[in-house]
Amino acid sequence: MELAKAYNPKDVEARRYDWWDKQGFFKPEAQRYLDPNEKQFVITIPPPNVTGTLHMGHALTLAIEDLMTRYARMKGARTLWVPGTDHAGIATQAIVEKKLEKAGKRRRDMSRSDFLEEVWEWKDYSHKVITQQCKAMGISVDWQREAFTMDDDRSHAVMTAFKQLYDKGLIYRANRMVNWDPVQLTGVSDLEVEVAEDGEPGFLWTIRYPIETNRWDGPRHEWGSGRWAEGATEWITVSTTRPETLLGDTCIAVNPEDDRYVMRVACHAYVPCAARRIPIVADKHVDPSFGTGAVKVTPAHDFNDYEIGVRHQLPFVEVMDEHARMNAEAGPYAGLDRYACRKQLVADLEKEGLLVKVEDYMVRLGRGQRSGAVIEPRISMQWFCNMQGMGKAATDAVRDGRMKIVPERFERTWFHWLDNIRDWCISRQLWWGHQIPVWYVSPELSAVSHEPSRPTQYCEVSEAAAYAKAIADWGPDVRLLRDTDVLDTWFSSGLWPFSTLGWPDVNHPDFKAYYPNAMLETGYDIIFFWVARMVMLGIELTGNIPFDTVYLHGLIRTADGKKMSKSRPDKMIDPLELIDTYGTDAVRYFLVTAGAPGNDIKMDARKEGGKWRSDRMEGARNFANKLWNATRFVLTKIENEKLKIENSSALQATNLPDRWILTRLNQTIADVRRLSDEYQYGEAGKLIYEFIWSDYCDWYLEMSKLSLNLPVLVHVLDSALRLLHPFMPYVTEELWQALKEVASGKWQVAGGEYPSLMLAAYPKVDEAVLGAQGSALADMALLQETIRAIRNVRSEYKVPLEKRIPAILSAGAAAAMLSEQREAIAMLARVDAAAFHIAENVPAPDQCVTAALGEITAYLPLAGLVDVSAERARLSSELEMTINLISRSETLLASDFVKRAPPAVIEKERAKLAELIAKREQMQIQLTKLS
RNA sequence: GGGGAUGUAGCUCAGUUGGUUAGAGCGUUGCGUUGACAUCGCAAAGGUCACAGGUUCGAGUCCUGUCAUUCCCA
């Protein structure tokens with residue numbers, strides 16, 4: 001295989017992905033390398049919503065999860081990653097409605113089934129786009145196990161889960177106050193209401209209500225006449241941010257401790273306009289410091305007031321309809337929108353002399369997560385799921401260590417939320433979703449006589465089953481009507497890790513083999529929406545935690561640190577665009593190494609010429625290219641040496657660079673494995689980068705040009721490709737295939753038995769190599785320092801690259817080792833081999849530039865090039881720095897440090913001091929020579 | 001009101017049991033292109049680790065407080 005001069009991702013990616021997929025390599029059954037000591041790895045994709053296309057957050061999720069999956073697979077764990085998508089109830093319905101609106105159609109003019117047909121069509125389109133994007137990311141999911149939250153199997157799981165919870169009494173129906181979205185016309189859960197941190201600009205109105213007295217017992221004039229409160233002498237004044245709700249007031253509450261109002265308790269006031277006679281009650285939840293200390297209470301339109309209403313057995317007067325328009329109860333304001341009513345009512349209050357004052361006020365408004373509409377608390381009939389017991393089970397799982405959350409700090413959030421969990425409103429007044437599997441006996445349609453002893457409501461997994469039960473109770477003429485509500489989309493997501501594996505069929509081979517999952521990986525922003533619900537429902541329905549570990553990643557932010565929100569499409573980045581520019585491997589490498597676990601990632605992307613650019617992705621792309629070219633070099637060497645090699649596969653590390661690179665390789669393997677096992681992928685990725693670029697390319701490859709050890713050269717490259725594969729799957733696979741083609745049969749190390757790198761074994765530490773390293777690391781460090789010191793001097797004195805210079809090394813104990821590496825030093829530091837002397841102890845010559853490195857001193861006779869005074873200045877300042885370090889070290893060694901610090905640390909410090917002292921002496925000698 | 005996170009080089013960020021002169025990439029400066037790679041090489045400059053205390057032989061790392069930015073919950 002001939003490799004291009006530079007890595008071009010487009011030549012590789014689609015072709016490789018298709019090949020992996022067609023060969024079936026993503027399936028657990030296809031694995032070649034299995035290590036019996038590795039625990040199987042099962043993970044289920046967080047199903048993307050079929051609302052359109054994927055964004056950077058999805059790309060991050062996929063990059064991390066594919067890394068986890070490929071790493072586990074190569075380590076020899078039986079590995080399954082299940083893909084799928086989510087129907088995303090409200091979000092998808094809203095998108096389709098908007099789309100229809102553009103075509104002049106409205107949902108309410110259509111039949112339910114016609115509308116759903118439109119949604120399914122959209123779902124197919126979105127699903128296709130998402131699938132393509134997932135494939136572009138290179139994810140190794142088992143496509144044959146793909147699921148959708150509303151496909152037949154998942155729907156069956158949802159119906160079954162509902163029925164099981166219903167039968168246990170954990171799901172119930174109640175007429176209660178819920179968060180109502182007056183735009184989408186549905187109830188939503190607490191989690192779907194968003195409140196701006198500092199509130200939104202609004203007003204606080206202070207209004208007085210006339211109090212009933214002996215001389216005045218209510219208004220005698222029309223509202224709006226300006227004489228409505230005529231005759232009233234006593235008043236109670238309240239503050240509110242929502243004056244229009246006063247039409248539904250059924251009491252006024254004060255704090256029982258509040259001296260200003262105690263005498264008013266048990267009196268009655270009259271509601272402006274409505275003229276309803278309402279009591280003044282004492283309730284200890286009233287905050288005396290808010291407003292006037294007295295509050296109006298509207299039990300049907302406010303959560304706090306609802307509680308007060310229940311406590312004091314007040315009437316619940318609804319004054320608004322589902323669109324948040326005033327209803328008949330609102331009298332003259334009936335038919336007005338809540339805000340139009342507010343405006344009109346305030347004007348009328350003023351006219352009647354009831355408005356005391358208006359102040360600017362920051363109002364904490366709840367808004368619907370999807371619609372942005374101001375949420376209206378509203379009493380309505382809804383289905384709820386009791387969370388008490390499930391919440392406790394979910395906290396217990398973490399508390400007793402059965403389930404781990406990474407990073408650990410999210411455990412606190414976990415406990416706090418679950419310990420205070422409230423019942424979950426699971427019904428939605430939508431069309432797109434799982435219709436609630438409850439059927440009611442229809443009195444109108446049924447030709448049966450009603451008896452109160454017979455059940456009127458059936459929860460079954462299918463209509464047929466419901467009818468079977470109903471007919472048994474009522475006879476064949478009974479007619480049932482299905483509940484029209486659908487379930488919160490998170491209800492089906494909450495079953496995901498087991499509904500995708502065949503549950504409720506507990507004998508399904510996938511469920512038996514792969515449940516519970518090993519890992520759940522997602523962004524921390526849906527820890528409550530999704531993760532908590534899966535854990536609670538998983539424990540309740542399967543009796544087992546759904547996964548052992550939860551790994552939470554951070555959020556992708558824009559360059560200015562803001563959330564990437566759909567309301568600012570100019571800031572949204574399409575991952576495909578970046579893939580197009582830099583290649584998938586670069587995008588993935590960036591994403592997994594950009595930050596630490598759980599921390600947000602600020603994109604460094606900027607728009608340039610209409611295209612997104614990212615410096616960090618460019619760096620990652622360059623890395624892929626570096627590896628590409630290093631491999632090209634190795635392949636050339638193999639080709640050149642072909643005839644000489646025969647079948648020698650022995651890894652013999654004879655010289656220093658070989659021993660060193662093998663040691664570094666094994667250190668890297670150990671660290672990368674350790675870090676990856678701790679989910680520190682960023683650090684692991686950086687170590688591989690450093691190893692490949694700095695150690696292998698910059699040093700080993702260069703030195704191999706002098707003395708070639710092909711088996712080692714190939715082995716290290718092979719290992720590096722394996723190490724990097726989970727991070728950069730495409731380029732590594734492509735290069736590994738090329739390497740295998742040329743090297744296999746000659747080197748076992750190239751893994752000829754594996755058809756793909758993704759099925760090859762992840763490198764393991766070779767203890768023998770680490771045991772036999774001897775002084776390789778220290779020697780190589782000395783060698784590198786020596787070469788760098790000479791290069792440094794050359795650079796400082798601007799000696800041209802082509803000029804070979806003479807050099808004298810006074811190397812002490814390192815003389816023998818450096819002599820062996822004489823040629824390497826000469827090549828890498830551009831020293832004139834004919835004028836290169838290395839000895840244990842060389843007296844300082846005249847007219848030299850000196851580079852002192854502790855025990856080793858390099859003298860570079862650069863006659864003519866060197867300005868003596870400049871060299872003196874350079875040496876003096878370096879000497880000064882050395883002296884400072886010596887005194888610091890001496891002070892430390894004279895302190896309690898020697899009594900308390902561990903011996904190894906003290907030893908290190910002593911060796912450092914000795915080196916510094918030697919360095920100081922050399923420089924002093926040289927300075928006197930130059931004077 | 002409660003809880004969390006962040007504050008380290010010009011920029012973006014690493015730094016997990018406390019232990020060399022605190023690291024990387026990008027950017028900057030200087031030098032360098034015929035042999036793997038200019039998507040490159042070599043060298044350099046650049047940081048009182050937000051601030052103030054404390055614990056310790058030793059603190060970017062642990063504790064307390066302050067300030068700034070930010071997120072979640074009520």
>> Among residues 522-535 of chain A, which ones have heavy-atom contacts with RNA chain B below 4.0 Å?
In response: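 Per residue number, the list reads Phe528(A).
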
> In B/S/- notation, 5' to 3', how is nucleotides 1-6 of chain B contacted by protein heavy atoms closer than 4.0 Å?
Replying inline: --SSS-

>> I'd like to compare against my own output: the B/S/- annotation of nucleotides 20-28 of chain B with a strict under-4.0 Å heavy-atom distance to protein.
In response: SB---SS--

What is the distance from [atom1] of [X] to [atom2] of [N], rounded to the nearest Å?
X	N	atom1	atom2	answer
Asp604(A)	rU12(B)	CG	C1'	7 Å
Asn625(A)	rG41(B)	CG	P	10 Å
Met603(A)	rC11(B)	CE	C1'	15 Å
Arg874(A)	rA45(B)	CZ	P	12 Å
Tyr696(A)	rA36(B)	OH	C1'	11 Å
Asp585(A)	rU39(B)	CG	C1'	14 Å

Shorter than 3.5 Å, N or O on both sides, protein versus nucleotides 62-65 of chain B: list them out with atom names.
none

>> Which residues pass the salt bridge (Lys or Arg N to Asp or Glu O under 4.0 Å) test with Glu702(A), not counting sequence neighbours?
In response: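 Once residues adjacent in sequence are excluded, the partners of Glu702(A) under the salt bridge (Lys or Arg N to Asp or Glu O under 4.0 Å) criterion are Lys705(A).
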
>> Keeping Asn629(A) on the side-chain end and Asn625(A) on the backbone end, is there a donor-acceptor pair under 3.5 Å?
In response: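 Judged by distance alone, yes, a pair lies under 3.5 Å.
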
> With no hydrogens and no angle check, is any side-chain donor or acceptor of Asp832(A) less than 3.5 Å from a backbone partner on Ile805(A)?
Replying inline: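 Side chain of Asp832(A) to backbone of Ile805(A): no pair is present.
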
> When the nearest nucleotide of RNA chain B is assigned to Asn792(A) and to Ile601(A) on a heavy-atom basis, which residue is associated with the more 5' position?
Replying inline: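 The answer here is Ile601(A).
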
> Where each residue is assigned the nucleotide of RNA chain B containing its nearest heavy atom, which of Glu678(A) and Asp190(A) is assigned the position nearer the 5′ end?
Replying inline: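 Looking at the nearest nucleotide for each, Glu678(A) comes out on the 5' side.
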
Can you list the residues that meet the ring-ring contact (aromatic ring centres under 6.0 Å, His included) rule with [X], with sequence neighbours excluded?
X	value
Trp628(A)	Tyr7(A)
Tyr306(A)	Phe316(A)
Trp699(A)	none

Identified pairing partner of [N], criterion: Watson-Crick or G-U wobble below 3.5 Å:
N	result
rU21(B)	none
rG46(B)	none
rG53(B)	rC63(B)

Identify whether any heavy atom of [X] sits under 4.0 Å from a base atom; if not, whether one sits that close to sugar-phosphate; answer base, sugar-phosphate or nothing.
X	result
Arg794(A)	nothing
Arg364(A)	base
Ser895(A)	sugar-phosphate
Arg900(A)	base
Lys899(A)	nothing
Ala596(A)	sugar-phosphate
Ala594(A)	sugar-phosphate
Asn420(A)	nothing

> Does any pair with a residue in residues 879-896 of chain A pass salt bridge (Lys or Arg N to Asp or Glu O under 4.0 Å), and if so which ones, sequence neighbours excluded?
Replying inline: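 Non-adjacent pairs meeting salt bridge (Lys or Arg N to Asp or Glu O under 4.0 Å): Asp896(A)-Lys899(A).
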
> Does anything in residues 587-599 of chain A pair up under salt bridge (Lys or Arg N to Asp or Glu O under 4.0 Å), and if so which pairs, sequence neighbours excluded?
Replying inline: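 Those involving residues 587-599 of chain A are Asp66(A)-Arg588(A).
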
Phosphate contact ([N] OP1 or OP2) by [X] side-chain N/O below 4.0 Å:
X	N	value
Lys626(A)	rC37(B)	no
Lys798(A)	rG32(B)	no
Lys5(A)	rC37(B)	yes

>> According to side-chain hydrogen bond (donor to acceptor under 3.5 Å, both in side chains), does anything in residues 780-790 of chain A pair up with another residue at least two apart or in another chain? List the pairs.
In response: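 Sorted result for residues 780-790 of chain A: empty, none.
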
If the threshold is 4.0 Å, N to carboxylate O, is there a salt bridge linking [X] and [Y]?
X	Y	result
Arg874(A)	Glu878(A)	yes
Asp419(A)	Lys392(A)	no
Lys404(A)	Glu411(A)	no

>> Which residues pass the side chain to side chain donor-acceptor pair (under 3.5 Å) test with Asp615(A), not counting sequence neighbours?
In response: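 Listed in chain order: Arg606(A).
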
>> Of the options rA36(B), rU39(B), rC57(B), whose atoms approach the side-chain atoms of Glu702(A) most closely?
In response: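 Given the options rA36(B), rU39(B), rC57(B), the side chain of Glu702(A) is closest to rA36(B).
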
>> Angle between ring planes, Tyr696(A) versus Tyr700(A), binned at 30° and 60°: parallel, tilted or perpendicular?
In response: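 Because their plane-to-plane angle is under 30°, the rings of Tyr696(A) and Tyr700(A) count as parallel.
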
> NE2 of His55(A) to CG of Leu60(A): how many Å apart, nearest 0.5 Å?
Replying inline: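 The NE2 atom of His55(A) sits 10.5 Å away from the CG atom of Leu60(A).
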
